[in-house]
Amino acid sequence: MYAYDTLDQTFVEQRTAQFREQVRRRLANELSEDEFKPLRLRNGLYLQLHAYMLRVAIPYGLLSADQLRALARIARRYDRGYGHFTTRQNIQFNWIRLEDAPDILNDLAAAEMHAVQTSGNCIRNITTDQFAGVAADEIDDPRPWAEIIRQWSTNHPEFSFLPRKFKVAVTGSASDRSAMRVHDIGVRLTRGIDGEIGFEIWVGGGLGRTPMIAQLLRGFLPKEHLLGYLEAILRVYNVEGRRDNLYKSRIKILVSALGIEKFRELVEAEWNQITDPGLQLGDAEISRVRAHFRPPQYADLPGRSPEFEAKRLEDAAFARWAKANLFPHERPGYAAVTISLKPIGGVPGDLTAAQMEAVASLADAYSFSEIRVTHRQNLVLAHVPQHRLYDLWRALDALDLATPNLSRVTDIIACPGLDYCGLATARSIPIAQRLSERLAALDEQYDLDQLTINISGCVNSCSHHHVGHIGILGLEKGGAESYQITLGGSSAEDVAVGRIVGPGFGAVDVVDAVETILITYLGQREDGERFLDTVRRVGQDPFRDALYKQP
Amino acid sequence: MQIIRLIAGQPVTDIDVWARIGDDDPLPESAPALVSLARWQSAGAGLARRNVAVGVWLASDEVLDGLISDLERLDLIALDFPNLNDGRHFTTARLLRERHGFRGEIRATGQVLRDQLFAMARCGFDSFELQAHQDTAAAHEAFSEISVVFQPAADGRAAAQAIRAGGAGAHASAS
């Protein structure tokens, strides 16, 4: 993984010192809250309902075991002993005191981490595929490119006061596990006619109040021009993006207002005038960054592990977990393991300090001391020898981290909602917990695979409810929570915005409603068809009838 | 009014000599005059024939398009920041310096706070009208808090990537 050199380290240390001074001025009232707000936001500090929340950047979701230990120490020392992983592959601490924030940033800097640009109207953490470097269908490892973009976007002087936040995802595979097309910019690795590496550039995706799917801006961008082209897009957006209405200020609104052709014309015209050689990526810089992401020292293993096969036959619980939570590794004899942070009835994405330390030790023992955070709020140990999977599973099970539900109906994404967030209009976490408890048995009985639920507590859609197979949006109607349900969304390569099935449900009834939807699906599905395919085939009517028709 | 000016990259506090002239106000006889884009465009030639410096200020929604051919006749371009969130003129300043080769003064006016100065300087601003309640002397520190940059901009600083490529010692180059 990427290791800081003196320049990177100097930057995070200076940035921390700068923020310490800004906090001092705020506490001494030399800065008003209005003046301080953009400064704390760009250092990851939100003011929530009960306390400050600090969102720590985990660039493209990649952590070392030591970094996870550093996060555990922060959770213990400055928070209430846990952290919450987010859909941007970051981690949030929900109970932070402003006075402590500079010390926390200091601890982070010591572990080559920071909270820079995890909030505010700037370029946010770059996300990617959690199976980068491991997936067999990969054209090229997206992580070096994400790192190159991360560096360029860090403290960018021109793009620190954009009309609105700006999110970039990079994917290296045909199967999109990065939700690339619901990002402001999606970068997809591809090959040119002569086999050379380059990029497809997608633009104008996003969720929130007005969900939109990104459109193709450029079919092939030679790799050396990546940063110049991004600079052109950001510059057009900085100048032309709306600033009069918070809800119309994302780049998706600009792209849709101008039309993709006109937007492309502006970007290409701008790009043609960007000639700074400093933005051209040379082979030396690309190689330098790539070297940080070399594959680990794999052992030569046979493609099939007899131990693994035997344990699967012996132990049904292990077999169930192995079926749900493993992803094929491009190296023979290895597997990528997803650690579900969705225990039945638990808070999606939460991990205690003790669990963080235990996972760090397991990463040391089983997976080259590396951990990845997924945008679905789970963790990945990417390189586990198959013959050691059973031991790992038993260790995870003892930590309550072996729930066999990846991409299944209880693998629920939920935002913090009204339990923490100042923007929320409804609770998300308790709904997720009750759904998980109710649906676990149904999953066990009917194998509800490739079916996930996303719950947002307000229109900002932090949990991406629009692209959940089942999406739930919590609103406030006449003083009560009302949950609107959408069906048929997807953030993968078959990306789609879900459609609203009908009027919303109260906080109690929404759990029954989801169960009704699942039972309707089970009645309609043909030959083990995915939920998404059933919805696409039969449409909304059978679901609507089941939900709203009086018997 | 006091302003901060960057001279050879170093901040100094200075007294402002420019008079901002309303669109209907008479021009001063001998003082440098700062006028709106509208006034410049309606009376530009006449303004430039005077033997004193002329500057134009742009509101946050005004762009350079109509002004490019006039840049040589201007000593100052003032770019206004109406609030803390409007970052359009960061782009304007970079384009003035990097694309159009403007060598006069570029001034930040309006909501200008100490903590924006570093980004402004990187984009090509070289004078700053700080909000009245700001401590001008303390604000000088804003330019040296961060020594490492990760992208080329108008200030010509070597980005980290270029320093690495040049093989220069990171410590020496970071200062």
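Below, all heavy atoms of this structure are taken into account, side chains as well, without hydrogens, waters or symmetry copies. Nothing here was measured: the structure is a model prediction, and the numbers come from that model. Numbered from 1 within each chain, the chains take letters A, B, ... in sequence-line order.
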Taking B/Q151 for its side chain and A/W152 for its backbone only, find out whether a donor-acceptor pair lies under 3.5 Å.
-> yes

Whether A/R243 side chain and B/N85 backbone form a donor-acceptor pair below 3.5 Å | yes

Residues [X], [Y]: salt bridge by 4.0 Å N-O rule:
| X | Y | answer |
| --- | --- | --- |
| A/R42 | B/D115 | no |
| B/R114 | A/E35 | no |
| A/D8 | B/R164 | yes |
| A/E270 | B/R99 | yes |

With a 4.5 angstrom heavy-atom cut-off, could you sort out which part of [X] is near chain A: side chain, backbone, both or neither?
| X | answer |
| --- | --- |
| B/Q111 | neither |
| B/L113 | side chain |
| B/A159 | neither |

In Å and rounded to the nearest 0.5 Å, what is the OG to CD distance from B/S147 to A/E13?
-> 10.5 Å

First locate atom CG of A/D244, then atom CG of B/D61, and finally report the distance between them rounded to the nearest 0.5 Å.
-> 11.0 Å

Contact winner vs chain B - A/E21, A/K37, A/E30, heavy-atom pairs under 4.5 Å | A/E21

So for [X], is it side chain, backbone, both, or neither that comes closer than 4.5 Å to the heavy atoms of chain B?
| X | result |
| --- | --- |
| A/Q273 | both |
| A/N238 | both |
| A/L31 | side chain |
| A/E231 | side chain |
| A/L39 | side chain |
| A/S160 | neither |

Begin from the C-alpha positions of A/F161 and B/Q116 and carry the test side chain to side chain contact (heavy atoms under 4.5 Å, CB included) through to its verdict.
-> CA-CA 10 Å; A/F161 299 88; B/Q116 298 157 301; 3.9 Å; yes

Do we see a donor-acceptor contact under 3.5 Å between the side chains of B/E145 and A/Q18?
-> yes

Test side chain to side chain contact (heavy atoms under 4.5 Å, CB included) on A/L281 and B/Q161 and set out the steps.
-> CA-CA 9 Å; A/L281 280 172; B/Q161 297 86 336; over 6 Å; no

Top contributor to chain A interface from B/H89, B/R94, B/E98 [non-hydrogen pairs under 4.5 Å] | B/R94

Which heavy-atom pair separates A/E158 from B/T91 by the least distance, and what is that distance?
-> OE2-OG1, 2.6 Å

Shortest non-hydrogen pair, A/P157 vs B/A119, comes out as CB-O, 3.6 Å

Should we say atom [atom1] of [X] is surrounded by more than 12 heavy atoms from elsewhere, each under 6.0 Å from it?
| X | atom1 | result |
| --- | --- | --- |
| B/E29 | CD | no |
| A/E99 | CD | yes |
| B/R103 | CZ | no |

Ring geometry between A/F11 and B/F150 (parallel below 30°, tilted from 30 to 60°, perpendicular above 60°) | perpendicular

Measure the shortest side-chain to side-chain distance between A/L7 and B/I163 over non-hydrogen atoms and say whether it is less than 4.5 angstrom.
-> yes

